[in-house]
2 protein chains.
Amino acid sequence: MVKKKVRGSTSGRPIMALLDLLGRRWVLRLVWELREEPRRFRELQALIGGASPTIVNARLRELRAAKLVELDPEAGYRLTALGQELLKLFLPLHLWSEKWAKAL
Amino acid sequence: MVKKKVRGSTSGRPIMALLDLLGRRWVLRLVWELREEPRRFRELQALIGGASPTIVNARLRELRAAKLVELDPEAGYRLTALGQELLKLFLPLHLWSEKWAKAL
DNA sequence: CCTGTTACTACATTTTATGTAGCGATTCAT
DNA sequence: ATGAATCGCTACATAAAATGTAGTAACAGG
């Protein structure tokens with residue numbers, strides 16, 4: 001069992017590694033935009049609002065390394081089983097964000 | 001009811017604004033480190049691994065603007081009621097991250 | 001061969017974060 | 001009243017990360 005070092009995570013605690021990964025620019029948006037169906041590289045790039053291909057590719061590579069996303073040449077990028085589990089944990093955010101917006 | 005424009009969010013959809021806010025560097029970590037008790041500025045800075053005071057202050061200001069965090073001069077920085085609600089949604093991540101780490 | 005699509009890379013410019021020092025206010029002991 | 005300690009926070013030069021634009025290589029169909 002190999003432990004990979006992740007940016008900003010000195011502890012090796014999974015939660016820290018996860019928060020670090022998810023806290024990188026565009027990562028949450030990428031996962032979110034993959035919630036319904038597989039997406040092509042350019043499609044994904046457009047959906048998240050036109051981030052540079054450089055960074056889209058870098059993030060997708062990180063997400064693939066984390067086994068949350070995979071690339072099917074036929075269909076495009078999509079969430080792995082693991083990625084879908086993570087997404088499910090995030091779904092309550094959608095509803096809550098509406099409440100939050102009203103409170104602002 | 002005023003809608004604030006948030007970086008990367010052209011839609012005005014709360015979920016996008018939220019994902020954008022949470023996706024900024026150190027934000028998830030800051031919220032996480034406030035999960036148990038109020039923390040002082042420097043204490044918080046140390047807990048998240050020594051980010052520069054410049055950026056810690058910038059993020060805390062954003063979190064205060066978002067009404068997720070507040071500063072009590074007596075006790076330090078702490079989550080607002082809203083912030084605590086958000087944290088509760090994140091708690092399942094802790095357990096899941098252990099499973100995820102094993103899958104890597 | 002030409003055209004279009006795919007994912008992706010190169011690289012100069014711009015934006016963001018870091019690291020270090022220090023400020024102004026407050027509290028507390030001498 | 002003076003000096004030390006702590007508080008949140010700012011200034012600013014350096015370093016790292018993201019952007020924007022162009023372009024590459026691989027493949028498909030006409």
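Because only heavy atoms are used, hydrogens play no part in the values below, and waters and symmetry mates are left out as well, while side chains stay in. Small disclaimer: the values here were computed from a predicted structure and weren't measured. We name chains A, B, ... by the order of the sequence lines, and we start the count at 1 in each one.
At a threshold of 4.0 Å, the pair B:R64-B:E62 does not count as salt-bridged, since none of the basic side-chain nitrogens sits closer than that to a carboxylate oxygen.
Rounded to the nearest 0.5 Å, atoms CG (A:L44) and CZ (A:R39) are 8.0 Å apart. Residue B:F90 holds its CZ atom at 9.0 Å from CD1 of A:I15, rounded to the nearest 0.5 Å.
At the phosphate of C:dT16, neither OP1 nor OP2 sits under 4.0 Å from any side-chain N or O atom of B:W26. In this model, the phosphate group of D:dT10 is approached by a side-chain N or O of B:R61 to a distance below 4.0 Å at OP1 or OP2. Between A:N57 and C:dA7 there is no side-chain N or O to OP1 or OP2 distance below 4.0 Å. For C:dA17, one of the phosphate oxygens OP1 or OP2 lies less than 4.0 angstrom from a side-chain nitrogen or oxygen of B:R59.
Regarding B:I48, its CD1 atom lies at a distance of 12 Å from the C1' atom of C:dT18, rounded to whole Å. Atom pair B:E43:CD and D:dT6:P shows a separation of 13 Å (rounding to whole Å applied). Atom CG of A:L30 and atom C1' of C:dA7 are 15 Å apart (whole Å). Distance B:L71 CG to C:dT26 P: 14 Å, rounded to the nearest Å. In this entry the distance linking CZ of A:R25 with C1' of C:dA17 reads 11 Å, nearest Å. The separation between B:I55 atom CD1 and C:dA17 atom P is 4 Å, rounded to whole Å. B:R24 has its CZ atom 9 Å from the P atom of C:dA17, to the nearest Å. Straight-line distance from the CG atom of B:D72 to the C1' atom of D:dG8: 13 Å, rounded to whole Å.
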Nucleotides 20-27 of chain D: which of its N/O atoms have a protein N/O under 3.5 Å away?
residue: D:dG20; atom: O6; partner: A:T54; partner atom: OG1; Å: 3.1

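A:L21 and B:L95 are assigned to two separate hydrophobic clusters, defined by single-linkage of ILVMFWY side chains at heavy-atom distances under 4.5 Å.
Applying the ring pair (Phe, Tyr, Trp, His ring centres under 6.0 Å) test to residues at least two apart or on different chains, the pairs with a partner in residues 27-63 of chain A are A:W32-A:H94.
Side-chain proximity of B:R40 to D:dA17, C:dT16, D:dG8: nearest is D:dG8.
Residue contacts shown for A:R64 are limited to sugar-phosphate atoms, with no base heavy atom under 4.0 Å away.
In this structure B:R78 satisfies the side chain to side chain contact (heavy atoms under 4.5 Å, CB included) test together with B:P38, B:E70, B:D72, B:A75, sequence neighbours excluded.
Side chains of B:L86 and B:L22 form a contact here, defined as non-hydrogen atoms less than 4.5 Å apart.
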